[in-house]
S.K.: 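Here you go, one structure.
These numbers come from a predicted model, not from an experiment.
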Amino acid sequence: MISGGNLVSVWKINPNKDGLSTISALDSDVLLGICEAETNTLSILEKRGLCSGCPSDKCLPPYSLVFMVRQRIEGGFDLSCTELIAQWPTIQNEFIASLAECVEDVKVNYEPNKAGSLNFTSCPAGFWPSVVDDKFGLDNSVVRYTSSYFYTDKDDADAIYGIVDELDRASGDTVQGAYDTTNAYFLGIYIDELVNRDMVSPGNGLSLHHYGCNFGSHRLAMVDPDGFPFLNFIGVFVVFALGADDVFVAVDKWKNARLEMKNNTTEEVASRALPDAAYAMLLTTVTTAAAFFATTICPINALYCFAAFCGLLIVFDYIMNIFIVFPALCLYDKWLLEGRRNCCITFRKKYITREDESGDLEINSEDADESEEKKSLIHRILGGFYYYLHKFRWFSMATIIAVFVVCSIVTSQFGLPDTSDVALVPDDQHFKQNERWVNNLLSSSLQARAGSEAFILWGITPADTGNWKDPCESKKIVSFVSF
């Protein structure tokens, strides 16, 4: 019942308190809460056909402390949770004493990697160390962590993951449960969902990106279906940011040039604005692309491909801005001068120029007066920002110094992390709780005694003889000749 693919709930007693607790899983009210939660969860699994073990589409009861209590009480498996707990005080002291003696025997005499090493005569029938935590024993009768194994015996982890929020986790006041399975890793599935959700969270604005990624990936797959890592698609967001900045620079340069050259032709404005914009865009393109291309010295294939791909994206992004955005600005200006009105130009009235008898271009007098008074939006924003920054420059400098000092003091008091594991989700997340709580069980403590496996291969030399830029290329074993 413990082996195979099973749904497991780890229960923490007094979940809102860390450290020691006087509340135990063997207390009547706590045991009742676990029993009722198990019953509700088992009912859901039976309705969905996700458990087995008994005829008539019924399922085996979960293995837990409640299961062991039912074994010790006559007709215990036919009793409801309330009836079971009503009889629990009659055997409570004797059961706790035998369980504590068993655990002490296991802690002292358990031999890792030895078959039958848990078959101690001092232990109750069917005892398994997952029902108590590693602190329980003769000198501590409080069970702070325990677990329940539901006999699903299926590999349909996706179906169980889909209903995990419906499963009963108890009240949360005195006891709380956290679910996972023995044949899957729900925390990993949850993190993958978060990553995928974050990538599409901006909504419909990324539909073009989605199409472009699919189109590009299909074309690249035709060339090398196995050598194009998905990590490269992160570079598309880099191009979004840099491309938006380039467009912003080009449009701003054009607006400023038009304000200074109100009576000039589009060609004359372009000769002033576009070279300046192209040079400014080139600086950011060269520095950003150079940083990515410099990363190609990394011998890790995925990072090498990512750096090269992003560098090329940035270069071609600059080229596309020159050949698409610049002509678009020229057309935009010409259409405005000609007085055209359509959705591609503007939804409000802009200045309209006309030719006088001499052939010169001039602006409508009303619009000219307005343009004399108003500068471009970016000029007004940056001008206002500079005005206030300069006005309060000494106050700003003092604030920055003070913040720097405070941050230095606070960060110097940070302690070292408790573990080297990277925390991708908060500790109070359901699946993260299961991962943390299961380490407190006696079964995890005993499993840690076995250590880890290590393999030694004699007569060979560690060497990478293949092309590190091609993960599909097979490698050759290098023999240790003098062995």
S.K.: Of the non-hydrogen atoms in W11 and G177, which two are nearest, and what is the gap between them?
M.R.: CE3-CA, 3.4 Å

S.K.: Measure the CH2-OG distance between W437 and S9 for me, rounded to the nearest 0.5 Å.
M.R.: 8.5 Å

S.K.: Pick one: which of V438, V132, D133, V131 meets side chain to side chain contact (heavy atoms under 4.5 Å, CB included) with Y145?
M.R.: D133

S.K.: Let's go through T287 and L283 carefully: what are the C-alpha distance in whole Å and the side-chain angles of both, what is the deciding distance for side chain to side chain contact (heavy atoms under 4.5 Å, CB included) to 0.1 Å, and is it a yes or a no?
M.R.: CA-CA 6 Å; T287 54; L283 289 179; 5.7 Å; no

S.K.: Considering non-hydrogen atoms only, spot the tightest contact between S141 and I96 and give its length.
M.R.: CB-CG2, 4.2 Å

S.K.: More than 12 foreign heavy atoms under 6.0 Å from CD1 of I319: is that the case here?
M.R.: yes

S.K.: With a 6.0 Å cut-off (strictly less than), is the heavy-atom count around CD of E94, excluding the residue itself, greater than 12?
M.R.: yes

S.K.: Verify side-chain hydrogen bond (donor to acceptor under 3.5 Å, both in side chains) between W128 and S443, making sure each step is shown before the conclusion.
M.R.: CA-CA 8 Å; W128 190 255; S443 55; 5.2 Å; no

S.K.: Starting from the C-alpha separation in whole Å, work towards a yes-or-no answer on side chain to side chain contact (heavy atoms under 4.5 Å, CB included) for Y318 and L242.
M.R.: CA-CA 9 Å; Y318 176 78; L242 196 62; over 6 Å; no

S.K.: With heavy-atom distances below 4.5 Å as the criterion, would you say the side chains of Q413 and I409 are in contact?
M.R.: yes

S.K.: Could you walk me through whether F95 and M68 satisfy the side chain to side chain contact (heavy atoms under 4.5 Å, CB included) test, starting with their C-alpha distance in whole Å, then the side-chain angles of each, then the deciding distance to 0.1 Å, before giving a yes or no?
M.R.: CA-CA 9 Å; F95 180 83; M68 296 182 65; 4.0 Å; yes

S.K.: Nearest 0.5 Å, what's the OG-CG distance between S444 and D134?
M.R.: 8.5 Å

S.K.: State the OG-CD distance between S28 and Q92, to the nearest 0.5 angstrom.
M.R.: 5.0 Å

S.K.: Between F127 and V103, what is the shortest heavy-atom contact and its length?
M.R.: CZ-CG2, 4.2 Å

S.K.: Taking all non-hydrogen atoms of both residues, which atom of Y151 and which atom of N6 are closest, and how far apart?
M.R.: CA-OD1, 3.3 Å

S.K.: Do L84 and V69 come close enough that some side-chain heavy atom pair is under 4.5 Å?
M.R.: yes

S.K.: Check the orientation of F306 and F292. Use parallel for under 30°, tilted for 30 to 60°, and perpendicular for over 60°.
M.R.: perpendicular

S.K.: Look at R48 together with E166 and state whether they make a salt bridge at an N to O cut-off of under 4.0 Å.
M.R.: yes

S.K.: Other residues, nucleotides and ligands only: do more than 12 of their heavy atoms fall within 6.0 Å of CZ on F395?
M.R.: no

S.K.: Applying side chain to side chain contact (heavy atoms under 4.5 Å, CB included) between E36 and each of T39, L32, I34, report the one that passes.
M.R.: L32

S.K.: Name the one of T182, L42, L167 that satisfies side chain to side chain contact (heavy atoms under 4.5 Å, CB included) with L7?
M.R.: L167

S.K.: Could you walk me through whether V164 and F431 pass the side chain to side chain contact (heavy atoms under 4.5 Å, CB included) check?
M.R.: CA-CA 10 Å; V164 71; F431 304 127; 3.7 Å; yes

S.K.: Are the side chains of D246 and T285 in touch, meaning some heavy atoms are under 4.5 Å apart?
M.R.: yes

S.K.: Considering non-hydrogen atoms only, spot the tightest contact between I163 and L45 and give its length.
M.R.: CD1-CD2, 4.2 Å

S.K.: For the CG atom of L441 and the CD atom of Q447, what is their distance to the nearest 0.5 Å?
M.R.: 11.0 Å

S.K.: Indicate yes or no: at least one non-hydrogen side-chain atom of R72 is less than 4.5 angstrom from one of Q87.
M.R.: no

S.K.: Using a 4.5 Å cut-off on heavy atoms from C-beta on, say whether the side chain of K107 contacts that of L442.
M.R.: yes

S.K.: Are any of the side-chain heavy atoms of I160 and T181 separated by less than 4.5 Å?
M.R.: yes

S.K.: Using the six-membered ring wherever Trp is involved, compare the ring planes of F237 and F240 and label them parallel, tilted or perpendicular (cut-offs 30° and 60°).
M.R.: perpendicular

S.K.: Would you call M281 and N321 a side-chain contact if the rule is heavy atoms closer than 4.5 Å?
M.R.: yes

S.K.: If I take atom SG from residue C35 and atom CG from residue L65, how far apart are they, to the nearest 0.5 angstrom?
M.R.: 11.5 Å

S.K.: How long is the straight-line distance from CG of N109 back to OG of S122, given to the nearest 0.5 Å?
M.R.: 8.0 Å

S.K.: Between S396 and L389, what is the shortest heavy-atom contact and its length?
M.R.: OG-CD1, 4.2 Å

S.K.: Using the disulfide (SG to SG under 2.5 Å) criterion, which residues pair with C310? Sequence neighbours excluded.
M.R.: none

